[in-house]
Amino acid sequence: MTTYARIADLPSLEASAVTVRGWVMRTRSSGKIGFVVLRDGSGYLQAVILKNEVAPELWECFKGLTQETAVAVTGAPRAEPRSPGGVELAVTALEVLAPSVDFPITPKEHGTAFLFERRHLWLRSRRQVAIMRVRHEVVQAIRDFYYARDFTLVDTPLLTGSIGESAGTLFETEYFDLGKAYLAQTGQLYLEAAAAALGRVYCFGPTFRAEKSKTRRHLSEFWMVEPEVAWNDSDANMRLQEEFVAYIVERCLERRQEDLKELERDTAPLERITPPFPRLSYTDAIDKLRAAGVNAEWGRDLGAEDETVLANQFDRPVFVHDYPVGVKAFYMKQNPADPRTVLNNDCLAPEGYGEIIGGSQREDDHDLLRARIHEQGLPEEPYGWYLDLRKYGTFVHSGFGLGVERTVAWICGIQHVREAIAFPRMMYRLYP
RNA sequence: UCCGGGGUAGCUCAAUGGCAGAGCAUUCGGCUGUUAACCGAAGGGUUGUGGGUUCGAGUCCCACCCCCGGAGCCA
């Protein structure tokens, strides 16, 4: 009877002969000894074939193996320090389950365009597998964090009417007889409604921005987790953020060491990610930038380079809060202590990764909010239900959005968010 | 959208306006502990597309297409 095993389970198996099914990564041979490196999704395994100890057909079969051939190898697992992974299989039987001819992604270097055109195959590489595992951990950490704190997950719509952050960057589609629908840029406005029902809520899903962005930090479709909390002010909002970010990083350090090692991520900077995070008002940030020789003007939004200059002054994420009214969204609450500013914050990751969170206390005064909608030239009608929330027991509340791909890219130490999602959607890439 | 860089073998890249090249991959041969194995040999080209200058264009000029990096915007 055949005992099938996953590679990850081999070290704890007592069996004298097991069969592993997987794909050939590469083969090496030294005349009378052959090596096959296999992957099966659970791990990597070196199998050894000795020409003089197996049937000639088996040796011929080994010589015919090509990259990504699906195989079943049978043999005795044993500890072997010379083998990558520490375990080795001495092969007694080898079966080709499905051939693979001219696999395009070779062990040598490729350009990013070539690789992204073959993203469906590139995913099989060790590095991409490690990134996907870290992403998986980040996602699970997010869910566990909010579950443990009694937040309720509320799924917000992806198809929306004309509502969101700014009108110029929406993906548009026909919606029956009701005219245009738009792909959601955020679930926040809906979550504010849910917060009045459940207190602590969050949504987690894909969001869409039709911005013609071509940078390492932008995707057309990205995943965002957005908590919204009744009775939290801006200060409590930032405390939640620092706990949250520190938890995600800690979980990855705790459970994904192997993957971070595969990615050659120096984990020392991640070990330092513990609350509290430093806080800097926008006004102080402008002063700091000027002190650093940057030409910064109060009232203008911070650029990517400004953020990097600021973030580089700290060894953990930094909050920049209370931006000028003019550069921020209509729903952010005006700062009672300084009406020129709003009670918002960005969270900038260190090591040049920049903004991973944008959050704010929400404007809870009906008339002020309505005035802001008009100020920004937005039509009032689609926001009618949103204004309603300020008519029926309006309440102090705050929330934020964390970009999953940016967070994963930072934790993995990779240069571009497009590798932080299995099938990235970018301005110039819709396939595969 | 703007600024910059690029497009030559399956891949990554060379080539002063003058014979189209290398490494890897592939195929064949050799090798009993390989770690992106190594050694030897062979096959492999409409130089992104269309025009132009020139005795001669991968190289210079014009247009277009595509890719990469950055900016703005944002998570």
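Lettering follows sequence order; numbering is per chain, from 1.
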Considering only the [atom1] atoms, how many Å lie between [N] and [M], rounded to the nearest integer?
N	M	atom1	result
B:rU1	B:rU49	C1'	24 Å
B:rG7	B:rG33	C1'	43 Å
B:rC74	B:rC67	P	26 Å
B:rC62	B:rU53	C1'	11 Å
B:rA22	B:rA9	P	14 Å
B:rG52	B:rG43	C1'	37 Å
B:rG17	B:rG6	P	15 Å
B:rA25	B:rC39	P	11 Å

At less than 3.5 Å, do the side-chain atoms of [X] and the base atoms of [N] form a donor-acceptor pair?
X	N	value
A:Ser213	B:rC74	no
A:Arg406	B:rC74	yes
A:Asn52	B:rU32	yes
A:Glu88	B:rG33	yes

Going by purine N1 to pyrimidine N3 plus the second Watson-Crick contact, or the G-U wobble pair, all under 3.5 Å, which nucleotide sits opposite [N]?
N	result
B:rC24	B:rG10
B:rU1	B:rA71
B:rA63	B:rU49
B:rC55	B:rG18

Rounded distance (Å) that lies between atom [atom2] of [N] and atom [atom1] of [X]:
X	N	atom1	atom2	value
A:Lys63	B:rU32	NZ	P	13 Å
A:Tyr323	B:rC74	OH	C1'	11 Å
A:Lys212	B:rG70	NZ	P	19 Å
A:Ile105	B:rG10	CD1	P	17 Å
A:Leu183	B:rA75	CG	C1'	17 Å
A:Trp223	B:rA75	CH2	C1'	15 Å
A:Leu302	B:rG72	CG	P	11 Å
A:Trp59	B:rU32	CH2	C1'	9 Å

What nucleic acid atoms does [X] come within less than 4.0 Å of, heavy atoms only: base, sugar-phosphate, or nothing?
X	answer
A:Gly303	sugar-phosphate
A:Gln46	base
A:His110	sugar-phosphate
A:Arg217	base
A:Ile357	sugar-phosphate
A:Phe114	sugar-phosphate
A:Lys51	nothing
A:Thr207	nothing
A:Arg300	nothing
A:Thr215	base
A:Gly111	sugar-phosphate
A:Gln67	nothing
A:Phe400	nothing

>> For A:His416 and A:Ile356, find the nucleotide of RNA chain B closest to each by heavy atoms; which residue's nucleotide sits nearer the 5' end?
In response: A:His416

>> Judged by each residue's nearest nucleotide on RNA chain B, which is more toward the 5′ side, A:Ile33 or A:Thr106?
In response: A:Thr106

>> Side chains of A:Glu88 and A:Gln46: any donor to acceptor distance under 3.5 Å?
In response: yes

>> Main chain of A:Arg256, side chain of A:Arg133: is a donor-acceptor contact present, judged purely on distance under 3.5 Å?
In response: no

> Any sub-3.5 Å donor-acceptor pair from A:Arg118's side-chain atoms to A:Phe114's backbone N or O?
Replying inline: yes

> Is the A:Phe330-A:Tyr383 ring centre distance short of 6.0 angstrom?
Replying inline: yes

> Does A:Arg418 place a side-chain N or O at less than 4.0 Å from the phosphate oxygens OP1/OP2 of B:rG69?
Replying inline: yes

> Phosphate oxygens OP1/OP2 of B:rG69: is one of them under 4.0 Å from a side-chain N or O of A:Arg216?
Replying inline: no

> Stacking between A:Phe35 and the base of B:rG33 (centre distance under 5.5 Å, interplanar angle under 30°)?
Replying inline: no

Near [X] [atom1], under 6.0 Å, is it more than 12 heavy atoms from other residues, nucleotides or ligands?
X	atom1	value
A:Glu305	CD	no
A:Glu60	CD	yes
A:Asp266	CG	yes

>> So that I can tick it off, tell me whether A:Arg372 and A:Glu363 are bridged by a salt bridge, with the cut-off set at under 4.0 angstrom between side-chain N and carboxylate O.
In response: no

From [options], nucleotide with atom closest to [X] side chain:
X	options	result
A:Arg78	B:rC67, B:rG33, B:rA75	B:rG33
A:Lys32	B:rU34, B:rA71, B:rU32	B:rU32
A:Ala113	B:rC67, B:rC73, B:rA75	B:rC67
A:Glu80	B:rA71, B:rA75, B:rG33	B:rG33
A:Thr112	B:rC68, B:rA75, B:rG33	B:rC68

> What are the two closest non-hydrogen atoms of A:Phe277 and A:Pro317, and how far apart are they?
Replying inline: CB-O, 3.2 Å

>> Consider salt bridge (charged side-chain N to carboxylate O under 4.0 Å, His left out). Of A:Arg135, A:Arg406, A:Arg127, A:Arg216, which one does A:Glu419 pass it with?
In response: A:Arg127

